[in-house]
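Residue numbering restarts at 1 for every chain, and letters A, B, ... go by the order of the sequence lines. Treat the numbers as computed from the prediction; the structure is a model and nothing was measured.
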2 protein chains.
Amino acid sequence: MVHAQELTKNQSLVLDVLSHTEGPLSAYSLLDQLRDKGFRAPLQVYRALDKLMEFGLVHRLESINSFVACTHSHDHKHGVIAFGICDTCGRVDEFCDAVVEERLKGWSKDHAFRLSKTTIEMRGTCANCLAA
Amino acid sequence: MVHAQELTKNQSLVLDVLSHTEGPLSAYSLLDQLRDKGFRAPLQVYRALDKLMEFGLVHRLESINSFVACTHSHDHKHGVIAFGICDTCGRVDEFCDAVVEERLKGWSKDHAFRLSKTTIEMRGTCANCLAA
DNA sequence: ATCATCAATGTAATAACATCACATCGACCT
DNA sequence: AGGTCGATGTGATGTTATTACATTGATGAT
């Protein structure tokens with residue numbers, strides 16, 4: 001696994017902002033927050049994000065075109081990740097479910113489909129927002 | 001359930017193109033294919049797609065910003081749908097898995113999360129493309 | 001030392017995806 | 001006729017992502 005000190009300057013800056021933010025951010029929000037650190041162009045953000053995702057430190061939320069810092073410990077490799085995304089407050093919960101993973105891998109096997117990436121995103125309203 | 005004759009002109013045109021196409025199309029591909037039917041602006045496509053998705057006749061593939069006609073029979077309501085998307089040929093397989101659905105609904109219940117929409121997309125390479 | 005290489009970076013331009021704002025039309029109802 | 005409502009037409013704009021090309025900086029080989 002990659003450690004923080006192995007990240008480049010831009011990667012560290014992007015991860016820093018994501019880690020200190022509750023909820024997901026779009027690439028352009030990240031860019032705005034990093035302008036005073038010298039960021040000028042979207043590509044600087046996208047390149048950093050690509051590497052961070054490769055390292056497993058950041059996840060992309062496909063259904064909202066945004067990015068979050070991974071909340072799992074980085075000591076072990078994890079499998080398929082599912083997200084619960086609150087459409088009201090933006091909160092994101094990340095979890096793994098071995099049964100779900102097994103079922104999806106089962107389908108892949110049955111259909112001779114070589115799986116490279118799985119996206120599971122649940123949109124809705126979180127407990128806090130329901131209570132409010 | 002909505003029947004074909006209840007669709008508006010634009011909705012029918014969009015569904016027609018999607019139904020006669022193998023694989024997903026982007027909104028702008030649809031627009032291009034519908035220019036000679038009088039389509040001029042993206043909004044005409046997006047509006048039709050919104051309705052068709054509401055009717056359950058079309059699905060949006062979040063991870064590739066594209067749309068496919070639903071391949072299920074329309075006689076019954078189906079639950080959570082998962083997609084297998086071949087990154088090589090674009091082929092899309094649509095399926096339901098009751099166990100997966102149950103697990104995800106279980107998580108939602110446990111976390112008092114009111115689920116409104118679930119996205120499951122598996123990216124990879126299909127059997128045909130692996131054989132080639 | 002100097003040269004080759006390769007990853008990371010900087011920058012501008014452009015492509016791809018999606019929505020807003022506002023006007024119009026047509027069906028239906030009263 | 002007048003009112004309402006969903007669908008439509010149209011231009012402008014907003015948002016997300018990539019292409020293309022130049023530069024920098026570290027590493028290793030000759």
Side-chain angles (χ1 to χ4, degrees), chain A residues 2-18 21 23-55 57-68 85 87 90 117 119 121 123, chain B residues 2-18 21 23-55 57-68 85 87 90 117 119 121 123:
Chain A
V2 175
H3 298 84
Q5 50 272 44
E6 301 176 34
L7 297 178
T8 68
K9 185 176 164 239
N10 285 1
Q11 289 160 17
S12 298
L13 288 167
V14 168
L15 183 57
D16 236 49
V17 173
L18 277 178
T21 302
L25 292 173
S26 73
Y28 279 74
S29 300
L30 283 164
L31 176 56
D32 285 340
Q33 298 200 32
L34 288 166
R35 287 206 192 272
D36 52 359
K37 302 285 186 187
F39 274 51
R40 311 292 306 279
L43 197 48
Q44 296 176 285
V45 177
Y46 283 110
R47 286 203 274 230
L49 287 170
D50 283 346
K51 284 296 179 183
L52 292 169
M53 288 189 287
E54 191 182 318
F55 299 155
L57 301 174
V58 164
H59 302 300
R60 177 185 171 87
L61 300 173
E62 302 283 1
S63 68
I64 54 174
N65 296 320
S66 295
F67 304 85
V68 281
I85 303 169
D87 289 330
K117 188 177 183 229
T119 297
E121 296 178 17
R123 305 280 297 275
Chain B
V2 174
H3 298 83
Q5 49 271 46
E6 301 177 34
L7 296 178
T8 67
K9 184 176 166 239
N10 285 1
Q11 290 159 18
S12 298
L13 288 167
V14 168
L15 183 57
D16 235 48
V17 173
L18 276 178
T21 301
L25 292 173
S26 72
Y28 278 73
S29 299
L30 283 163
L31 175 56
D32 285 341
Q33 298 200 33
L34 288 166
R35 287 204 192 274
D36 53 358
K37 302 286 186 188
F39 275 51
R40 309 292 307 279
L43 198 48
Q44 294 175 286
V45 176
Y46 283 111
R47 286 202 273 230
L49 286 171
D50 283 347
K51 285 295 179 186
L52 291 169
M53 288 189 288
E54 191 182 317
F55 300 154
L57 299 174
V58 164
H59 302 299
R60 176 185 171 87
L61 301 173
E62 302 283 0
S63 68
I64 55 174
N65 296 321
S66 294
F67 305 84
V68 281
I85 304 169
D87 289 330
K117 186 176 184 230
T119 296
E121 296 178 17
R123 306 280 296 277

In whole angstroms, how far is the [atom2] atom of [N] from the [atom1] atom of [X]?
X	N	atom1	atom2	answer
Tyr28(A)	dC17(C)	OH	P	14 Å
Phe39(B)	dG11(D)	CZ	C1'	17 Å
Glu54(A)	dA8(C)	CD	C1'	13 Å
Gln11(B)	dA7(D)	CD	C1'	8 Å
Leu34(B)	dG9(D)	CG	C1'	15 Å
Asn65(B)	dA15(C)	CG	C1'	13 Å
Leu25(A)	dT15(D)	CG	P	15 Å
Leu43(A)	dA22(D)	CG	P	16 Å

**Study point:** Tyr46(A), nearest nucleotide to its side chain (from dT16(D), dA21(C), dA7(D))
**Key:** dT16(D)
Check your understanding: Is any side-chain N of the basic residue among Arg123(A) and Glu62(B) closer than 4.0 Å to the acidic one's carboxylate O?
Key -> no
Are the side chains of [X] and [Y] in touch, meaning some heavy atoms are under 4.5 Å apart?
X	Y	answer
Val14(B)	Phe39(B)	yes
Leu7(A)	Leu52(A)	yes
Leu49(B)	Gln11(B)	no
Val45(A)	Tyr28(A)	no

Exercise for review: Select from Arg40(A) and Lys51(A) the residue whose nearest nucleotide in DNA chain C is closer to the 5' end of that strand.
Suggested key: Lys51(A)
Is [X] close enough to [N] that one of its side-chain N or O atoms is under 4.0 Å from OP1 or OP2 there?
X	N	answer
Thr8(B)	dT8(D)	yes
Gln44(B)	dG9(D)	yes
Lys9(B)	dT8(D)	no
Arg60(A)	dA17(D)	yes

Practice item. Could you say whether Pro42(B) or Ile64(A) is positioned toward the 5' end of DNA chain D, judged by the nucleotide with the nearest heavy atom to each? Key: Pro42(B)
Review point. Any donor-acceptor pair under 3.5 Å between the side chain of Arg47(B) and the base of dG9(D)?
Key: yes
